[in-house]
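Report on the structure given below.
Note that these values count all heavy atoms, side chains included, but never hydrogens, waters or copies made by symmetry.
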Amino acid sequence: MKIASWNVNSIKQRLPHVTGWLKENRTDVLMVQELKGLEFPEMDIKAAGYESVCVPQKAFNGVAIISKESCETVLTALPGDDSDEQARYLEVDYKGLRLINIYLPNGNPVDTEKYPYKLAWMERLSKRAKLLREQTIPFLIGGDFNVIPEGKDCYDPQSWTGDALFRPETHAAFRRLLNLGLTDALRIHNHAAEQYTYWDYQGGAWPANKGIRIDHFLLSPPLADKMRSCTIDRNPRGQEKASDHTPIIVDIDWN
DNA sequence: ATGGCCCTTCCGAAGGGA
């Protein structure tokens, strides 16, 4: 089963990119983040041969899961804070697999309420993952984590010092997730540097390959055991009117 | 080179993203 994740930075702007990519790659599932609007082009996705379930929000955030067969929605918000109205979480069951699509808060600037919100969100995510582990439900968490796991996951570690994506507290929260027994899928087979999933629009970051790795798949133990491959498709980032992120794809020996 | 991003919303400018 092939499952992909892609922060599209507005589904309205990126619809042709998404349908074109699906046509070419035919993954079983595509998780998308940063829809940036209340309207979701369900019928266009349907015409491309895919079902979809969406958690939208006006102007900001928004996540959806696009899949060949229908998903069963389990949760449309991350538990742990009823006052949190940001559309950043979608959990579904797909063919006996629990799929969690996240758009984890950026957290910058760190001297505002945005950073504690990010850290609290990560703790809530850990709580959720811990519960699924205890229930021995096979699951994966995919999406835009807004976490640079290590120095080799960015072009210039020095320049990221103090940033919400790279702070010690962020790394600690990410490690707490991994310590539940989850595996960073890309790093199972690939330990090379420069495995980027995001390049800033500014300053010629893409042609200079000044990227960062912030889009991830975390696999629970049975899925890590069954993973065939995890790859990053750089092609979409080079297209006209590209998103600043590019897709990551995990292939699991499941069904 | 004197500057060099892209998206949203409500209408030229401001806020968010990372």
request  = Give a yes/no answer on whether the side chain of A/Q13 brings an N or O atom under 4.0 Å of OP1 or OP2 in B/dT8.
outcome  = yes

ask   = Within 45 degrees of the axis of the six-membered ring of A/Y196 and under 6.0 Å from its centre: does A/R213 put its NZ or CZ there?
value = no

message = Please confirm whether the shortest side-chain N or O distance from A/S10 to OP1 or OP2 of B/dT8 is below 4.0 Å.
response = yes

message = Work out how far the P atom of B/dC7 is from that of B/dG3, and round it to whole angstrom.
response = 24 Å

message = If we check side chain to side chain contact (heavy atoms under 4.5 Å, CB included) with A/K118, which of these qualifies: A/V110, A/L165, A/N106, A/N108?
response = A/L165

task = Rounded off to whole Å, could you give me the CD1-to-P distance for the A/I11 and B/dT8 pair?
result = 11 Å

ask   = CD of A/E72: more than 12 outside heavy atoms within 6.0 angstrom?
value = no

inquiry  = Give me the distance, rounded to whole Å, that separates B/dG4 from B/dT9 when you measure between the P atoms they each carry.
reply    = 25 Å

query = Which value, in whole Å, describes the distance between the C1' atoms of nucleotides B/dT2 and B/dG12?
reply = 24 Å

inquiry  = The criterion is salt bridge (Lys or Arg N to Asp or Glu O under 4.0 Å); which residues satisfy it with A/E194, sequence neighbours excluded?
reply    = none

When you compare the protein's N or O atoms with those of nucleotides 15-18 of chain B, which come within less than 3.5 Å of each other, and at what distance?
unit_1 : atom_1 : unit_2 : atom_2 : d
B/dA18 : OP1    : A/E34  : OE1    : 3.1
B/dA18 : OP1    : A/D144 : OD2    : 3.3
B/dA18 : OP1    : A/H245 : NE2    : 3.4
B/dA18 : OP2    : A/Y103 : OH     : 3.1
B/dA18 : OP2    : A/N146 : OD1    : 3.4
B/dA18 : OP2    : A/N146 : ND2    : 3.1
B/dA18 : O4'    : A/Y198 : OH     : 3.4
B/dA18 : N9     : A/N106 : ND2    : 3.2
B/dA18 : N7     : A/N106 : ND2    : 3.0

message = Please give the distance between the P atoms of B/dC10 and B/dC5 as a whole number of Å.
response = 25 Å

task = Quote, to the nearest angstrom, the P distance that separates B/dC6 from B/dA1.
result = 24 Å

task = Scan A/N235, A/D233, A/T27 and name whichever one has a side chain to side chain donor-acceptor pair (under 3.5 Å) with A/W21.
result = A/D233

message = Taking the P atom in each of B/dG15 and B/dC11, what is the distance between them to the nearest angstrom?
response = 15 Å

Quick one: side chains of residues 39-48 of chain A, donor-acceptor pairs under 3.5 Å with protein atoms, not counting sequence neighbours, listed by atom name and distance.
unit_1 : atom_1 : unit_2 : atom_2 : d
A/K46  : NZ     : A/E51  : OE1    : 3.4
A/K46  : NZ     : A/E51  : OE2    : 2.9

key: Under-4.0 Å side-chain N/O to phosphate OP1/OP2 contact, A/R14 with B/dC6   = no

